[in-house]
Amino acid sequence: MRIDERFKELRDYILEKQYGHLNAQQREAVLYGGGPLLILAGAGSGKTTVMVNRIAYLIKFGDIYNSSYTPDNLTDEKLEALEKIANLYKKTQDIDLELPDDIFGTKGVSPVNILAITFTNKAANEMKERVSELVGNTADHMWINTFHAACVKILRRNAEELGYTSNFVIYDSTDQESLIKECIKEIDLNEKYFRPRDVKNHISRLKDELKTPEDYRKEVAGQYRDEQMARVYTLYQEKLKKNNAFDFDDLINKTVELFYLKPHILEYYQKRFHYILVDEYQDTNHAQYMLVKLLSDYHKNLCVVGDDDQSIYGWRGADIRNILDFEKDFPNTKIIKLEENYRSTKTILEAANQVIDNNAYRKAKKLWTRKEEGDKIYLYEASDEWEEANFICGQIQNMILKYELNPGDFAVLYRLNNQSRVIEETLIKYSIPYRVYGGYRFYDRKEIKDIVAYLRVIANPADDVSLRRIINVPKRGIGAVTLANLEELAARKGESLFGILIDMEEENYDIGRGQKSVQEFGMLVSRLIAIKEVMTLTEFIESLVDMTGYRDALNPEDPEDKERLANIDEFLKAASEFEQSNPEAGLVEFLENISLISDIDGLDEGQNALTLMTLHSAKGLEFPVVFIAGMEEGIFPSARSVEEEGKLEEERRLCYVGITRAQRQLFITYAKMRNVYGTTLFNMPSRFLDEIDGNYVESLNGSSMSRSIPSKVSNRGTKGKREFTLGEKVMHKRFGIGTIVAVTDRGDDSELSIAFDQGGIKKFLASLAPLKRI
DNA sequence: CCAACGGAGATTTTT
DNA sequence: TCTCCGTTGG
């Protein structure tokens, strides 16, 4: 055999062994050469492992597996060294050999030439860390970023090309909404008919599809409502630019625009990124698809990882077709399916498979596991949401005692955030420690947004939206009229509000009654800008909080204000930490960090507490024991989703995501009766339950298990136990005083007919009606 | 300019 | 039912 043939054989053998800890498909995905690669990674199939190892493989050895590569000066000695290693592998199984990086005489791909994109900071950080574990800190030179962070990097460098300056700020959805409100007012549209929130979402979807205001205007010509929408969109974009601000969608959008506008910039990045990897590809929208397509168009080494069955963000603009049609969009695509699941029991996995099998729009695949059969899926029918919570908590308490589990082993998942309230209250009764994820974010708090608005104005004086937010916060006597005068003047002079403030004295502007307050405010801002130069970031923010009077406006005796003060301190802590870990960074970078890193990552991670969160937030996570609560028609699937097959399929995927979060045990509960927004609903059990084979399910109603629940905690005070008698006088919160004219027994509850003094007889359930005895 | 009232509205949210 | 806004009246 020729020496180079032997080399290739040994090379590939050693590489296979080097990744011998992976299963065959995972290994194939790691070692597969360049060109478009679609890795369909089912839930719990080890996709992060694959991505991380693929990156490490490229960096260590380069893309040499199954290639024609042989070293230039291949000698017998070199070959012998390889033979030795191969023999080592042959003799022992499971050997973990640390190979020298240049063992095959290659340099490997430089980390600089690799781009890895994720959706969340959490995923990006995890990937960074795990790659570093394998290749050391050379990974620092690699771009492992979220879509948004990667785009910001590009935009900061090239902002001028788009008519922005590099100190641009990023608007979050609140800022977007206030700007849109402004546009709606300016165009004189009816806010009832053009609700800012809806308009915002509409524009956001247009941006996802890379439609410019102009595109859209042409597209909808002749349709009144959409035409107005196009006008708002046009104005909105103008204002964003005037404010030197991008919204989240723009970050992607404008980067693509930049690439179209300036081919040489695109070319630079195209040539730079030899290998591109995209995580959670099923969640990409059209703009992100385009970005990735453009960037990979030169080297064509695009590897995407995702699971069409876990595409649950269609409503946010994610286009599942990106993953479904990947091989059509990228010719010569290699598809590798990771179908072995390392997470759940056979029962859980089988149930998940059965549910998802009802979807038409998906890639054929079927997860399997070597794991044991495991317990059946436990199903419980509760009478109402309180009893449901009670059941869940009782089970958890039992299992903690019986199986020595910790609260941290459990998660309760639900479709709607507001379902958490009842569960929380019940958890408190049971003294089970818990953490609620999602909902309100730290940086969304009013006091934090206020401080951030100050900082933004200082970093980017063009930011009228932020200036408007804080010009009278805390109250300094600049009301609507004064502000309107200011705005009018700014518009007339073609200046930003900030510019007017600064030029106030010099130009002898007359604002009217608020003149003095405005002047003082202008001086305050000037002073802030001055002291910023001589202070660290943290010192500066601290001074800002004091000098603006923000701190003084809060009363430490008031519990709400006390909380605010604590949050401001927390914010200062975050600033100081940021400074420490980014000594080079300034205010602009800090603000960017705030915008892109939404919550303090892994704040309480490792705390031994039960997890409460929506099914959406649970994607990517796993727990030994999972409860899915509120499995009812109208809740899950949500009432809004059942009209459209596409939406229903997304709900079903969400259900699939939920089921596959569970490692060992899965409990599903539903309530016969549920109070939603003040009205009582009698929902049917979810259709998704019918899709699971009954053999996999064990009903806990009336079984010994449900009777072993610890002493029943009463249903929310007197609810459900309230007895009313015929002829009694009662006070109803809405209908006023009335007399009970009939009481009908309804099992645990009773139905009351009440004749109100104001007229009319109405029927209520005793447990639910807001009634007081008088 | 501010606080108090009342009506509408209320999925899911990686950035 | 609860919360957020915009309006209103002082």
Side-chain angles (χ1 to χ4, degrees), chain A residues 117-125 145-152 170-174 176-178 181 185 191-192 195-198 201 204 208 246-253 279-280 282-285 287-288 310-318 385 413-419 421-422 437-441 443-444 446 472 475-483 513-514 517 592-599 601 613-621 630 634-642 647 650-651 653-655 657-658 674-680 733-734 768-770:
Chain A
I117 304 182
T118 64
F119 272 86
T120 65
N121 295 297
K122 201 171 152 242
N125 291 336
N145 282 123
T146 62
F147 267 104
H148 298 266
C151 287
V152 169
I170 301 162
Y171 279 177
D172 68 16
S173 61
T174 317
Q176 283 179 54
E177 220 171 290
S178 44
K181 236 182 243 174
K185 278 204 189 103
E191 271 196 51
K192 288 259 156 58
R195 281 158 44 211
R197 225 183 70 115
D198 297 346
N201 287 332
S204 189
D208 289 341
F246 292 112
D247 63 22
F248 279 127
D249 305 310
D250 272 350
L251 295 178
I252 315 291
N253 226 335
D279 191 16
E280 305 276 18
Q282 76 281 354
D283 291 335
T284 50
N285 60 34
Q288 288 158 337
Q310 292 186 70
S311 164
I312 54 174
Y313 286 106
W315 52 274
R316 237 173 144 274
E385 69 271 28
L413 310 179
Y414 35 79
R415 180 66 237 265
L416 303 167
N417 275 311
N418 62 21
Q419 285 174 258
R421 212 195 89 237
V422 171
Y437 286 80
Y440 222 50
R441 284 196 298 232
Y443 289 108
D444 285 342
K446 184 186 169 299
N472 199 32
K475 306 258 181 307
R476 49 174 73 90
I478 303 176
V481 177
T482 312
L483 183 59
R513 220 167 349 137
S517 317
E592 174 182 318
N593 188 264
I594 289 170
S595 303
L596 296 181
I597 293 176
S598 60
D599 231 334
D601 261 319
M613 63 170 120
T614 62
L615 288 143
H616 280 89
S617 317
K619 193 174 66 143
L621 305 178
I635 305 282
F636 190 26
S638 82
R640 289 180 181 196
S641 68
V642 294
K647 285 188 181 170
E650 183 154 304
E651 292 287 294
R653 291 193 288 270
L654 188 58
C655 182
V657 167
R674 181 182 299 271
N675 211 285
V676 180
Y677 303 138
T679 42
T680 306
K733 210 173 162 186
R734 216 162 86 224
L768 299 165

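Throughout, a chain's letter reflects where its sequence line sits, starting with A, and its residues are numbered from 1.
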Item to check | Inter-residue atom distance A:Ser204.OG - A:Asp247.CG, 0.5 Å rounding | outcome: 7.0 Å
Checklist entry - A:Tyr313 vs A:His616 aromatic rings, parallel, tilted or perpendicular, using cut-offs 30° and 60°? => result tilted
Item to check | Which residues share a ring pair (Phe, Tyr, Trp, His ring centres under 6.0 Å) with A:Tyr171, sequence neighbours left out | outcome: none
Item to check | A:Asn121 side chain near B:dT15 phosphate (N/O to OP1/OP2, under 4.0 Å) | outcome: yes
Checklist entry - So, is A:Ser617 close to the B:dT13 phosphate, meaning a side-chain N or O under 4.0 Å from OP1 or OP2? => result yes
Next on the checklist: Could you tell me how far apart A:Phe119 (CZ) and B:dT15 (C1') are, to the nearest whole angstrom?
Outcome noted: 9 Å
Checklist entry - Expressed as a whole number of Å, how far does the P atom of C:dC5 sit from that of B:dT12? => result 16 Å
Checklist entry - Think A:Asn675 has a side-chain N or O under 4.0 angstrom from the OP1 or OP2 of C:dT1? => result no
Checklist outcome for this item: So CD1 of A:Ile635 and CD of A:Gln419: to nearest 0.5 Å the spacing works out to 5.5 Å
Next on the checklist: Using a heavy-atom cut-off of 4.0 Å across all strands, would you classify A:Asn472 as base, sugar-phosphate, or nothing?
Outcome noted: sugar-phosphate
Checklist entry - Can you find a side chain N or O atom of A:Asn417 that sits less than 4.0 Å from OP1 or OP2 on B:dT13? => result yes
Checklist entry - So which one's nearest nucleotide on DNA chain B is more toward 5', A:Ser173 or A:Leu416? => result A:Leu416
Checklist entry - For A:Thr482, which residues count as a side chain to side chain donor-acceptor pair (under 3.5 Å) partner, sequence neighbours excluded? => result none
Checklist entry - Are any of A:Asn418's side-chain N or O atoms less than 4.0 Å away from OP1 or OP2 of C:dT3? => result no
Checklist entry - With sequence neighbours left out, what residues match A:Arg415 under side chain to side chain donor-acceptor pair (under 3.5 Å)? => result A:Glu651
Next on the checklist: Can you tell whether the side chains of A:Arg653 and A:Glu650 come within less than 4.0 Å, N to carboxylate O?
Outcome noted: yes
Checklist entry - Considering residues at least two apart in sequence or located in another chain, which fulfil the ring pair (Phe, Tyr, Trp, His ring centres under 6.0 Å) criterion with A:Phe119? => result A:Phe147
Between the protein and nucleotides 5-9 of chain B, which nitrogen or oxygen pairs come in under 3.5 angstrom?
unit_1	atom_1	unit_2	atom_2	d
B:dG9	O3'	A:Arg195	NH2	3.4

Where do N or O atoms of nucleotides 6-10 of chain C meet protein N or O atoms at under 3.5 Å, pair by pair?
unit_1	atom_1	unit_2	atom_2	d
C:dG6	OP1	A:Lys181	NZ	3.2

Item to check | Ring-base stacking, A:Tyr677 with C:dC2 (5.5 Å, 30° cut-offs) | outcome: no
Checklist entry - Has A:Ser595 got a side-chain N or O lying under 4.0 Å from the OP1 or OP2 atom of B:dT15? => result no
Next on the checklist: Mind checking if A:Glu650 touches a base, just sugar-phosphate, or nothing, with heavy atoms under 4.0 Å?
Outcome noted: nothing
Checklist entry - Starting at the 5' end of DNA chain B, which residue's closest nucleotide do you reach first, A:Lys647 or A:Glu280? => result A:Lys647
Checklist entry - Roughly how far, to the nearest 0.5 Å, is the NZ atom of A:Lys122 from the CG atom of A:Leu621? => result 4.5 Å
